[in-house]
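Some notes on the structure that comes next.
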Amino acid sequence: MPRIYLSPPHMSGLEAPLVQEVFDSNWIAPLGPQVDAFEAEFATLISAPHALALSSGTAALHLALLLAGVGLSDEVLVSSLTFSASANPVTYLGARPVFIDSEPVSWNLDPALVVETIERKARHGRLPKVVIPVHLYGQSADLDPILAICARYEITVIEDAAEALGATYRGRSPGTLGWAGIFSFNGNKIITTSGGGMLVSADVAFIEHARKLATQARDPAPHYQHSEIGYNYRLSNVLAAIGRGQLQVLAERVRRKRKICETYRQLLGDLPGVSFMPEAPWGCATRWLTVITVDPAQFGATREDVRLALEAEDIESRPLWKPMHLQPVFRDCEVVGGAVAEALFRDGLCLPSGTAMGEDDLARVAGVMRKMAR
Ligand SMILES: *Cc1c(COP(=O)(O)O)cnc(C)c1O
């Protein structure tokens, strides 16, 4: 039986003709008409006023933090339960991440802890420069209270929506509610360009400045002239063509991801000690990955036992992100709370959620787990 992967790329068939167009026009370069069209179509799809296609989500976050004015010794609040790319760009700028725990209802940034931390830091006259809510596994964080406290203290909000394309928060797209939002088209995300990212904002001056910095910060002059340090962060015209094809099936992919989660729930929901990532009441989660927690006392095996049993059947599953405050590289950083993220990391498992999976594949995964349950 073929290996089942966690969330492999799923091409629709619309991508190849668009890539062929790029070859036919010989526009094999960073920038180009496919990049322009990809930006416009992406912006329309999520109702973002302006979009900038970049080489990765990490590059998008780096530029957003830089242009938010984050610099040496500044503090940036960020979810602890996330991928390291949410925090790494903070350190590129010599700033310090402060890791905040999750709330149980969404597994995302706990707004009460954000408020508490900002008010404590305000009393000490040391406000964080930026807050980065991360929208994990296709579900939006509770943005309203975070936006409110940040507005009160004039703190910039940059949303890490790398995992949440296609989700909603009170009818809007996460990534479009803060000053800036970033998205990723890495190989395992809900849609992919093999690698790539998008920066969105309503602030046109910011997006145009980021566009300049991403293109080696060339001044408008016929010769090469530079008055600031630039980066090589633009997306290839070839990859943008793939992205345009993928965008057309995003809604279909979200429907399928949600159906996969529903099927897992039917197949596994009665097992003792197995719970599913909750869907918070404020929006629609894409279920980019179906995530469960396994209570070993009730289930009779740990999430690592489950992972190894699946692996023995050539099925890929994965623990949740190891919280940033437990990472050796961030051991000296401040952390607020942490018990929720730690428990989720201990018991949580991401199940294979590829949109090309068939019902037989889902039954194969569930079969392994059912055999293990008490
Ligand atoms: C994938 C991801 C990123 C980084 O995106 P890249 O395009 O891989 O650089 C950032 N944050 C989160 C939460 C992610 O899952």
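Values in this document were obtained by computation on a predicted structure and should not be read as measured data. Ligands are counted one by one from 1 in listed order, and the atoms in each one are counted from 1 as well.
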| field | Nearest-contact summary for atom 15 (O) of ligand 1 - protein heavy atom, Å | value | E163 OE2, 2.6 Å
| field | Nearest-neighbour protein heavy atom for atom 1 (C) of ligand 1, which is reported as residue plus atom name and distance | value | K189 NZ, 1.6 Å
| query | Under 3.5 Å between some N or O of ligand 1 and some N or O of W321? | reply | no
| said: I want to know if ligand 1 touches F185 in the polar sense, i.e. an N/O pair below 3.5 angstrom. | reply: no
| query | Between Y231 and Y233, how do the two ring planes meet: parallel, tilted or perpendicular, split at 30° and 60°? | reply | parallel
Mark yes when over 12 heavy atoms from residues, nucleotides or ligands other than [X] sit less than 6.0 Å from its [atom1]; otherwise mark no.
X    : atom1 : value
W27  : CH2   : no
F23  : CZ    : no
E154 : CD    : no

| S102-N108 side chain donor-acceptor pair, cut-off 3.5 Å | no
| field | Check: H135/E159 side-chain N/O donor and acceptor closer than 3.5 Å | value | yes
| Heavy-atom contact under 4.0 Å between G197 and ligand 1? | no
| Among the heavy atoms of G196, does any lie under 4.0 Å from an atom of ligand 1? | yes
| request: Return the option from N88, L61, D160, L136 holding the heavy atom at the smallest distance from atom 11 (N) of ligand 1. | output: D160
With backbone taken as N, CA, C and O and side chain as the heavy atoms from C-beta onward, which portion of [X] lies under 4.0 Å from ligand 1: side chain, backbone, both, or neither?
X    : value
T58  : both
T82  : side chain
A162 : side chain

Per-atom contacts of ligand 1 with [X], taking only distances under 4.0 Å to non-hydrogen atoms:
X    : value
S86  : 11 (N), 13 (C)
S56  : 7 (O), 9 (O)
N186 : 8 (O)
V134 : 13 (C)
A85  : 3 (C), 4 (C), 10 (C)
F83  : 2 (C), 3 (C), 14 (C)

| request: Using a strict 4.0 Å threshold on nitrogen-to-oxygen distance, state whether E119 and K121 make a salt bridge. | output: no
[X] to [Y], cation-pi by 6.0 Å centre distance and 45° axis angle:
X    : Y    : result
R96  : F330 : no
R265 : F276 : yes
R218 : Y224 : yes

